[in-house]
Amino acid sequence: MSNPIPVICVSEGGLAAAGITPAQRAWADTNGFTGQRGRLLPVPDTDAGLCAYLFGLGEATAHPAMLTGLAGAALPAGDYRLEGTYGDPELAAIGFRLGTYRFDRYRSGKPGPMLSPPEGVDAAEIDRQVEAATIARDLINTPANDLGPDAFEAAIRDFAAARDMAISVTAGDDLLAANFPLIHAVGRAAAEPPRLIDLSWGDPSHPKVTLVGKGVTFDTGGLDIKGAAGMLLMKKDMGGAANVLGLTHAIVSAGLKLRLRVLIPVVENAISAASFRPGDVLTSRKGLTVEIGNTDAEGRLILADALALADEESPDLLFDMATLTGAARVALGPELPPLYSADEELARALMAAGLATDDPLWHMPLWSPYDAMMSSKIADVNNAASGGFAGSITAALFLRRFVGKAKAWVHLDIFGWAPEARPARSHGGTDQGIRAVYTVLKQRYPNS
């Protein structure tokens, strides 16, 4: 980029320490700019036109770097560089660029601002993390009429081909022959058949890391049908799969020394004469029988079969991501996904990485006494807990039944949606857990 325009980051009351010229300071004082959070002040140069922008970071925050996303969202098209005090330069560049994200598939997009990377940062690393988040956001934002099971499979095939990943797909009644009965049951009512997509990459001699992503392209709730308000955002019910694909991109692009497997059960939870019913008893891949207490608790069913498959080869690390429960949002809100794992060291590492990269996660307990809430009088387990309490915990406990051989397992109950725009996250489909998990994997399995 040639002659990028400076964006000078200033904390609240920090003009004296911002390294700006006396003329810029006088302009800021004249306009009442003190570094207010999110305020963007153009600073003119009478001889050369626009000279710079002053950008306010507000009072001290744990992530001043990600606040640069507010500047990225507000600036007009042009080339820019960051100056001043803004914290970690790599994170600041990621935040700025994520702030420029727009989903323009269905409308004319306008050119956005471009950022010249700060000196000394790894530009390729910034690119891959921005691309990972963009993959997740674009997929989640795409409506179900353009991203049903067939289209989602096609998109994943293109994704795999671009990264030289092996891919296999088991679909329709072949799921029954291959012993994936829960995936088949959930998706069999839809016009487009259910399927399990299996991707692999990397040296088989390297540590095994497996990612599982919930891929419900639309969720009506099944025969336990959702109300209109509850169904409105259900295009995002494949957000776990979308985030897993974003994470996969980062891993492959970085060339981490691991053997990666990605399992994505893809279904639409529709309603027809073929729908599975409340009260049905289904046998899972693992052999456990499941009484259906609620057809709207379908995500855990398809994950159960996929997790059982993943667990069979005893991976070193097994992660799943899913937009699984409204209870997680009641407990922790839309910005803070619960993390479940019996591996305390791994959980602490993920929480620390999340806090360091503004991708927060919160470790929640796998509280075994709550297992009793999913008891069934006629089957091994019910897919819906009784009583209405601890819904995110009981969902995690349900999934735990299908994992036994993996050396460590982590379940992330993400929301995948930003109900309101915030720094580096526009309204709509969003990435969650990608930076936190990627950071830990990069620490454990570096490419050099």
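Note on ring orientation: taking the six-membered ring where Trp is involved, the planes of W417 and H427 are perpendicular (angle over 60°, cut-offs 30° and 60°). Ring pair W367/Y370 is perpendicular by interplanar angle, where above 60° counts as perpendicular and below 30° as parallel.
Side-chain contact between L317 and R444: present, with at least one pair of heavy atoms (C-beta onward) separated by less than 4.5 Å. Contact annotation: the side chain of R37 approaches that of L70 to within less than 4.5 Å [non-hydrogen atoms, C-beta and beyond]. Proximity of I156 to V262: side-chain heavy atoms (C-beta onward) are nowhere separated by under 4.5 Å. Using a 4.5 Å cut-off on side-chain heavy atoms (C-beta onward), F398 and L303 make no contact. A 4.5 Å side-chain heavy-atom check between F402 and D311 finds every atom pair outside the cut-off. Between Q129 and T357 the shortest side-chain heavy-atom distance does not fall below 4.5 Å.
Of the possible polar contacts, one joining the H363 side chain to the S341 backbone as a donor-acceptor pair under 3.5 Å is found. Between the N141 side chain and the G429 main chain, a donor and an acceptor come within less than 3.5 Å of each other.
When the shell of 6.0 Å around CD of E59 is examined, it contains 12 or fewer heavy atoms from other residues, nucleotides or ligands.
Listed by chain and residue number, nothing satisfies the salt bridge (charged side-chain N to carboxylate O under 4.0 Å, His left out) test with D138 (two or more places apart in sequence, or in another chain).
Listed by first then second residue, pairs satisfying salt bridge (Lys or Arg N to Asp or Glu O under 4.0 Å) with a partner in residues 416-441 read R137-D431, E335-R422, D359-R425, R425-D431, D431-R435, not counting sequence neighbours. Applying the side chain to side chain donor-acceptor pair (under 3.5 Å) test to pairs two or more places apart or on separate chains, those with a residue in residues 149-164 are D150-R195, E153-R157, E153-R195, R163-H249.
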When you look at V216 and M234, which way does the side-chain contact (heavy atoms from CB on, under 4.5 Å) test go after all the steps?
CA-CA 9 Å; V216 179; M234 283 302 99; over 6 Å; no
